[in-house]
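Remarks on the structure that follows.
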Amino acid sequence: MQNVKCECGHDNPHGTILCELCGRALTEKAKEEKLYDMRYEGSARRSQTYNKSIIDKIWNFFSSVKVGIWIILLTLISASLGTILPQEFYLPNNVDPSVYYEDVYGTFGKWYYIIGFYDLYNSAWFIALIAALGVSLVIASLDRAIPLYRALKKQRVDRHESFLKKQRLFAETDKIPDETELQRVREQLKKKRYKIREENGALFAEKGRFSRWGPYVNHVGLIIFLIGSMLRSVDGLYIDELLWIREGETLQVPSTKGEYYIKNEKFTVETYEKEDKAGVFNEALERVGTVVKNYQTDAVLYRDENNKLPGAKPQLSELEKDDIQVNQPMKFDQFAVYQTSYQKDEMKAMQFALTNKATGREMGELTVDLFEQQDSYDLGSGYKVELLGFYPDFDGFSKEGEPKSKSPLPNNPAFLFNMMSPEHPDGEVSFVEIQNTMEPLGETDYKMTFKSLETRDVSALTIRKDLTLPILGLGGIIFMAGVIQGSYWNHRRIWIQKKNGRFYAAGHTNKNWHGLKKELDFVFKGASIPAPEDQIEENKK
Amino acid sequence: MGLASLSSSLLYTAFVLYLVATFFFGGAIRDKRSQSSVSGWAKVGFVVTIIGFITHVGYFITRWVAADHAPVSNLFEFIVAFGMMLVGAFILIYSIYRVSILGLFTMPVVVLIIAYASMFPRELSPLIPALQSDWLYIHVTTAALGEAILSISFVAGLIYLIKAIDQTKVGKKTFWLEFVLYSLISVISFVIVTTSFNFINYEATFTWVDSNDQQLEETYSIPALVGPNQGELQTDNRFTPIVDTPALVNAKKLNTLVWSLGIGLALYGLCRLVLRKRIGSALKPVVKNVSLDLVDEISYRSVIIGFPVFTLGALIFAMIWAQIAWTRFWGWDPKEVWALITFLFYAAFLHLRLSKGWHGEKSAWLAVIGFAIIMFNLIAVNLVIAGLHSYA
Ligand code: HEM
């Protein structure tokens with residue numbers, strides 16, 4: 001492509017609107033404008049220059065801020081739709097979403113499920129939107145940053161009058177000020193920390209140029225953040241496991257390939273008491289009831305020294321002891337162990353007595369460990385109880401009349417006992433569930449009487465490894481640095497020059513015109529040179 | 001207990017001082033002599049505001065000491081803290097631009113916010129384990145400050161709209177401006193309704209049936225126009241509901257909303273009758289001397305200043321804390337999502353302004369919408385959409 005030659009002799013890249021050196025308008029359109037569009041210094045941007053190939057078209061599509069804004073708005077609206085009803089991952093684990101939404105929220109819930117909004121944030125189209133946002137960010141930034149960098153680097157002190165005239169803040173006069181007056185202006189400019197350059201009677205003061213890179217820096221930060229969040233699906237970078245661990249239990253830490261073991265020595269829940277903090281919370285406690293103050297797992301972490309030896313028994317050596325609380329995870333290696341939840345008083349064992357119904361005499365007691373049942377329990381003197389069936393989470397009977405268990409967790413244990421006694425050496429069958437006994441094969445002479453229940457607390461720990469965090473952190477820091485750089489500093493420029501017996505002054509800033517105007521008032525205070533005035537406000541009057 | 005009641009008195013003092021400041025800023029508008037420089041009225045108003053702010057901060061500190069945790073742990077505390085940040089943000093922006101009209105519009109909003117907050121349970125509440133962290137105050141105060149600075153943009157935008165909208169042409173613009181003002185009046189109405197029935201100790205208990213077919217009790221403290229699902233009135237001589245709601249809807253909150261909007265409408269109608277014109281039109285003389293370009297810039301500047309603070313507090317600090325307390329930095333919890341929406345909205349605002357040239361009126365409307373989103377997240381998400389954050 002051909003370069004554009006300006007009257008001043010400079011060769012500008014094809015597509016340039018304002019000459020990089022002197023600022024003369026190079027296109028007909030720019031010549032006619034009342035005020036120049038200074039946003040990208042009239043530099044040659046790829047998207048404004050080429051529109052032939054399919055690549056040009058894609059480039060132009062994504063580099064358009066209009067498209068970018070649409071993507072942002074679509075993301076925003078989609079995100080809000082996901083908050084109308086709870087997302088699938090917030091539902092209780094034992095429910096089936098395909099019926100839950102309709103059950104609880106009626107027709108609206110049914111449609112919410114059918115459209116797929118119940119898992120909106122993991123849906124392909126939502127992820128595609130975020131990806132489009134990323135692509136748009138990259139392309140739009142490249143399209144502008146490079147030409148802008150060129151233009152700002154090249155700009156000359158001495159600009160053509162037409163360039164000054166078409167700045168928003170502008171003044172001209174034929175009273176040429178003397179050197180002492182100019183010297184004063186220079187000093188005032190220095191007080192305001194402007195960098196001053198001068199060339200044949202033209203003065204150019206500039207500050208805060210680096211703030212122009214703010215948007216690009218923050219976009220880079222965003223992209224790093226987006227890439228970081230996509231890396232989560234890469235194997236090994238991200239682990240998220242939930243471990244239910246009972247008091248006294250030692251379990252393998254999941255996803256550590258058997259290297260680590262963790263023991264729950266003790267689990268505690270504390271609630272606020274009336275006397276706490278000299279009773280300042282009494283009113284609140286009265287209104288809402290109990291409030292949990294703390295729950296924690298006193299944990300011990302072990303390493304299996306035999307982990308690398310195939311077939312060897314684990315040999316555990318203690319690594320650390322920690323009380324894991326909410327907000328205070330235990331850390332080891334690249335893992336963190338969080339206290340997430342708990343279940344108080346999980347049933348552990350049940351005690352029964354074999355009882356003669358007629359006399360009420362107890363022939364002996366037995367304890368069924370809900371986690372480790374025996375096949376039979378011998379009570380001596382010819383009395384024996386066999387456990388024919390155990391249903392930890394009893395959930396009614398199947399069509400064939402078989403008892404069913406919903407899960408392996410002892411939430412609602414039920415037992416099928418065979419009670420053997422001298423009178424009935426083959427036994428009598430009794431089905432026992434909490435608060436209910438059935439005799440499926442006919443009436444029995446003996447029964448199992450419930451005596452007592454042993455419980456313990458179960459703690460839920462989340463095991464988490466997230467190696468993407470440093471990347472996300474880096475993205476976040478760069479993003480913040482970029483927004484601050486672009487928001488709390490402004491790029492301000494002031495041109496002052498004598499030319500052909502006239503005196504010109506102009507000012508430009510990328511934002512915060514009020515600040516620049518105040519600064520100009522300060523710089524030109526007391527001088528015979530008029531401070532540049534706002535041509536936009538002039539036009540309005 | 002001494003400290004807690006001192007704290008309440010300080011808040012009450014701040015509330016009164018903000019009211020006083022409003023009148024002084026109002027006086028500044030009427031002061032015809034000083035169009036160019038800051039009038040004496042405005043100066044006094046600003047000083048009173050600063051004293052109010054100091055007492056407000058005093059409330060915050062004493063309450064913090066009394067409860068031994070930052071007072072940002074329930075809806076009352078959070079809204080009051082937001083009000084404090086709003087005054088802080090106003091002081092910041094006012095020191096840059098010295099436009100007294102900004103005070104005249106901001107201070108009533110602050111007064112309204114504190115009054116609104118006081119309608120919620122005010123007792124000191126203990127912290128649940130998830131909230132026991134220094135990140136509580138780091139995250140919440142920064143987020144609230146960011147939201148407050150962004151809200152100044154709304155105030156400036158509102159002033160812009162009142163001045164710029166042509167009241168001789170009835171249309172969408174006049175309608176929506178009236179709608180915004182009506183919304184503010186509804187907040188007043190909410191405060192009036194709640195305090196009045198509180199004052200006469202109104203109580204009506206219902207039994208009702210929830211979506212799991214469980215029978216529960218609910219006590220209304222204002223007459224039930226909207227009753228709960230299959231509600232049965234248990235108290236004698238109380239108003240019987242006109243309609244029942246489905247089990248999923250929180251009938252008590254809906255009832256309060258209906259009352260607030262209804263009485264709000266009545267108040268609005270009354271204002272129209274007295275003024276004999278639209279409120280927007282009645283406010284026009286107040287903003288007569290305002291420079292549109294200046295308030296436009298104030299509005300934009302507040303966004304520019306507030307956006308980074310908001311991002312830091314409501315997203316970055318939030319993510320750090322969520323990683324520590326909830327094991328993951330992001331979980332698509334409704335409050336998180338709405339913080340993201342706010343962030344995206346203001347990002348869109350900045351891009352529109354930058355490249356589509358959305359200055360002036362369009363930008364002012366955007367500032368109004370942004371404030372609506374912030375309020376939605378501050379209040380509605382806690383009250384309506386349940387999630388991890390709905391601790392209020
Ligand atoms: C959530 C996503 C985004 C955020 C948070 C963001 C943030 C920002 C911020 C804070 C600015 C500076 C605005 C100002 O100083 O007034 C900016 C400028 C800009 N953004 Fe974005 N942006 C996002 C997405 C995009 C997208 C998708 C595009 C693609 C078209 C884009 C293109 C631009 C452009 C062209 C500028 C102006 C640069 C300049 O003036 O030199 N941004 N962005």
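Any value given below was found using the heavy atoms of this structure, including those in side chains, with hydrogens, waters and symmetry copies removed. Residue numbers begin at 1 in each chain, while the letters A, B, ... track the order of the sequences.
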Side chain, backbone, both or neither: which part of B:Ala66 has a heavy atom under 4.5 Å from chain A? backbone
May I ask you to name which of B:Val303, B:Ile320, B:Val337 has the most heavy-atom pairs under 4.5 Å with chain A? B:Val337
Please classify the contact of A:Trp70 with chain B as side chain, backbone, both or neither, using a heavy-atom distance under 4.5 Å. neither
Got a second to check how far B:Ile341's CD1 is from A:Ile72's CD1, nearest 0.5 Å? 13.5 Å
When the 4.5 angstrom heavy-atom criterion is applied to B:Leu354 and chain A, the contacting part is both
Toward chain B, the part of A:Ile77 with a non-hydrogen atom under 4.5 Å: neither
The reported gap from OH in A:Tyr338 to CH2 in B:Trp326 (rounded to nearest 0.5 angstrom) is 13.5 Å
So, does B:Gln132 use its side chain to make a donor-acceptor pair with the main chain of A:Lys293 at under 3.5 Å? yes
Which atoms of A:Leu472 are under 4.5 Å from chain B, going by heavy atoms: the side chain, the backbone, both sets, or neither? side chain
Determine the interplanar angle of the A:His514 and B:Tyr97 rings, folded into 0 to 90°, and report it as parallel if under 30°, tilted if 30 to 60°, perpendicular if over 60°. tilted
Among residues two or more places apart or on two chains, list those pairs meeting side-chain hydrogen bond (donor to acceptor under 3.5 Å, both in side chains) that have a residue in residues 121-130 of chain B. A:Arg287-B:Glu123, B:Asn74-B:Ser125
Nearest heavy-atom approach of A:Thr83 to B:Pro334 is CG2-CA, 3.9 Å
With A:Ser211 via side-chain contact (heavy atoms from CB on, under 4.5 Å) - residues at least two apart: A:Trp489, A:His491, A:Asn510
Counting only non-hydrogen atoms closer than 4.5 Å, does A:Phe108 touch chain B with its backbone (N, CA, C, O), its side chain (CB onward), both, or neither? neither
If we ignore hydrogens and angles and just use 3.5 Å, is the side chain of B:Tyr300 paired with the main-chain N or O of A:Asn512 as donor and acceptor? no
Under a 3.5 Å cutoff, is there a donor and acceptor pairing between the side chains of A:Asn327 and B:Trp321? yes
Angle between ring planes, B:His351 versus A:His219, binned at 30° and 60°: parallel, tilted or perpendicular? parallel
Interchain contact, A:Tyr105 with chain B, by part (heavy-atom threshold 4.5 Å): both
So which heavy atom on A:Tyr272 is nearest to which on B:Leu127, and how close? OH-O, 2.6 Å
Examine whether an atom of B:Val309 lies under 4.5 Å from a heavy atom of chain A, and if so say whether it belongs to the side chain, the backbone or both; otherwise answer neither. both
Hey, which of B:Pro121, B:Pro126, B:Gly331 has the most heavy atom pairs under 4.5 Å with chain A? B:Pro126
Output for pair (A:Ile69 CD1, B:Leu344 CG), nearest 0.5 Å, gives 12.5 Å
Winner by heavy-atom pair count (cut-off under 4.5 Å) against chain A, out of B:Ile305, B:Ile316, B:Thr342: B:Ile305
Proximal component of A:Thr340, with respect to chain B [non-hydrogen, under 4.5 Å]: side chain
Scored by heavy-atom pairs under 4.5 Å with chain A, the best of B:Pro308, B:Ala347, B:Ala325 is B:Pro308
Pair A:Tyr121-B:Trp330, ring pair (Phe, Tyr, Trp, His ring centres under 6.0 Å): steps then yes or no: CA-CA 12 Å; A:Tyr121 305 112; B:Trp330 191 260; 8.8 Å; no
Can you see which heavy atom on A:Phe281 is nearest to which on B:Leu124, and at what distance? CD2-O, 3.4 Å
For B:Glu297, which atoms come within 4.5 Å of any heavy atom of chain A: side chain, backbone, both, or neither? side chain
Considering only heavy atoms, which portion of A:Leu85 lies under 4.5 Å from any heavy atom of chain B: side chain, backbone, both, or neither? neither
Okay, A:Val292 and chain B: the region with an atom under 4.5 Å from a heavy atom over there is both
